Amino acid sequence: MSDFSKTYQKLTAALRRKHTLGSVAALVDWDEKVNLPPKSGDLRAEQTALLAEIYHEATRKPEIGRWLDQLESASEQLSPEQMAVVRDARREFDRATRLPASLVERKAKAQSTGYHAWAEARAKDDFSHFAPFLKEHIALAQEEASLMEAGNVYDYWVDQFDPGMTQDQIKPLFDALTPELRSLVHLAENAGIADKEAAFRGFPVEGQASFAAEVIRRMGFDFERGRIDISLHPFCSGETRDTRLTTRYDVNDPLESLYSVIHEAGHGMYEQGLPFEHLGTALGSHVGMAIHESQSRLWENQVGRSRAFWEFWESRYRDVFPQQLEGLSLDDIYRVVNRVAVSPIRVSADEVTYNLHIMLRFSLEQKLFNGELAVDDLPDGWNAESERILGLRPSSNAMGCLQDVHWSCGLFGYFPSYSLGNLVAAQWWECLLEAIPDLEAQIAAGEFKSLLGWLRTHIHRKGRLYRTGELVREVSGKELSHEPLVRYLRNRLVPLYQS
Ligand code: ZN
């Protein structure tokens with residue numbers, strides 16, 4: 001083996017080790033959100049901080065820098081795949097070496113204490129309890145961006161989740177989408193679906209859990225290397241070989257749980273489809289959060305809210321909940337799962353108004369970072385923007401600015417990914433319908449193998465060979481646009497609401 005190949009191999013071995021360390025940290029974080037006793041938060045904060053410190057050390061090992069220098073100095077010997085690995089490793093190495101261990105440690109502690117403070121503040125509907133933690137997160141986010149010599153703090157954070165994306169790229173897409181969404185919301189008003197929705201009450205949790213597990217198993221989520229548990233806020237963590245999903249159940253809101261399980265399973269199946277042999281390198285990583293979200297959204301919305309999906313699952317759903325579903329037809333179920341109405345909570349929002357929730361958060365994050373809005377004024381700022389964008393004012397801060405977990409963990413610049421994911425999912429759905437002409441019939445027969453196979457081949461197996469915009473172009477042959485999402489929503493909703 002040449003010295004060059006040996007150097008490349010040393011680099012990928014170090015990246016793999018770092019990945020394994022990261023998977024331990026992710027497991028500890030999962031445990032915190034699923035199992036942690038209420039008074040064990042301080043211990044967990046220490047454990048998390050120690051793991052973050054070790055991980056940070058593994059990321060900034062000086063030899064990684066030397067190997068990268070060697071590989072970059074003879075980059076003509078690198079294949080496109082190896083180039084992607086080196087490019088990605090360089091980005092992470094530079095970030096890690098410019099950030100002092102003390103900052104990384106302070107961030108990890110703030111994430112853990114911030115999360116617990118948020119949970120308490122939300123339970124008591126007391127924003128002032130959370131405000132100091134949010135201020136600390138924003139200060140840390142600014143400190144990091146300035147150490148990285150970022151031109152714009154918020155762009156730096158957007159780029160952390162979707163490499164290459166900026167506010168200037170996102171804003172026109174969102175602006176073009178807004179009037180289209182508003183016209184759909186207007187169309188859906190007074191459609192009389194609320195009465196049917198009120199019938200979804202009294203669904204025992206055990207039945208909900210077993211039905212949801214059956215659905216995602218059939219879709220292709222592999223329970224031999226994954227599981228599902230309960231947490232305050234649904235999420236997916238872990239990696240290809242051990243993928244953890246969580247959800248929450250409400251006896252009087254079974255559809256929210258079902259669709260959150262399908263959503264998280266979409267994330268999980270993406271993780272399970274990444275190339276195992278390349279774990280730790282760009283080739284074994286997801287592209288970014290927008291692409292991740294495109295996978296969860298596609299399963300949740302394009303598939304899970306289709307009439308074909310319910311044609312298959314209706315009878316099984318009735319087996320589990322015979323009395324509850326008495327008096328509800330297939331059409332009723334289909335209309336309820338596609339009900340569009342403005343509501344205060346993002347995670348329970350329908351697929352149209354969901355995007356308006358994201359625009360609200362995108363606008364507030366921009367204001368928080370450009371100095372237009374102070375943290376102490378966030379509740380008022382939130383309520384005013386909510387009125388402008390969503391057309392409603394939340395009844396409390398728990399239902400408003402305290403509803404999301406993200407800011408409690410210092411996650412800024414992450415929200416836009418959700419709507420970008422919706423745009424990507426719709427753009428690729430058009431490709432799928434072309435590639436698999438009888439896709440709808442397959443879904444109606446409970447057959448998901450060619451759908452998952454297409455996603456595996458065109459998206460999952462590619463890892464991070466391409467960046468967000470590049471992969472969208474590579475798969476669809478076009479730039480990311482708002483138009484496919486508008487076409488998809490209108491195709492589904494206009495007939496439903498005009499009938
Ligand atoms: Zn998601």
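Ligands are counted one by one from 1 in listed order, and the atoms in each one are counted from 1 as well. In this text the structure is predicted, and so the values were computed from the model without any measurement.
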Peer 1: Only one of I358, L181, L356 passes side-chain contact (heavy atoms from CB on, under 4.5 Å) with F174; say which it is.
Peer 2: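 Result: among I358, L181, L356, I358 is the only option passing the side-chain contact (heavy atoms from CB on, under 4.5 Å) with F174.
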
Peer 1: Is there an N/O/S atom in E264 at a distance below 2.8 Å from the Zn ion (ligand 1)?
Peer 2: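 No - counting backbone and side chain alike, E264 has no N, O or S atom under 2.8 Å.
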
Peer 1: Considering residues at least two apart in sequence or located in another chain, which fulfil the salt bridge (Lys or Arg N to Asp or Glu O under 4.0 Å) criterion with E300?
Peer 2: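 Once residues adjacent in sequence are excluded, the partners of E300 under the salt bridge (Lys or Arg N to Asp or Glu O under 4.0 Å) criterion are R305.
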
Peer 1: Aromatic ring centroids of F362 and F415 under 6.0 Å?
Peer 2: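 No; F415 has its ring centre 6.0 Å or more from that of F362.
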
Peer 1: Report the name of the N/O/S atom of E293 located nearest to the Zn ion (ligand 1).
Peer 2: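 Distance check against the Zn ion (ligand 1) picks out OE1 in E293.
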
Peer 1: Just wondering, is there an N, O or S atom on H292 that's nearer than 2.8 Å to the Zn ion (ligand 1)?
Peer 2: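 So H292 does not count as coordinating the Zn ion (ligand 1).
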
Peer 1: Is the Zn ion (ligand 1) under 2.8 Å from any N, O or S atom of H267?
Peer 2: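 Checking H267: at least one N, O or S atom is under 2.8 Å.
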
Peer 1: Can you name the side-chain contact (heavy atoms from CB on, under 4.5 Å) partners of Q169, sequence neighbours left out?
Peer 2: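 Once residues adjacent in sequence are excluded, the partners of Q169 under the side-chain contact (heavy atoms from CB on, under 4.5 Å) criterion are M165, T166.
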
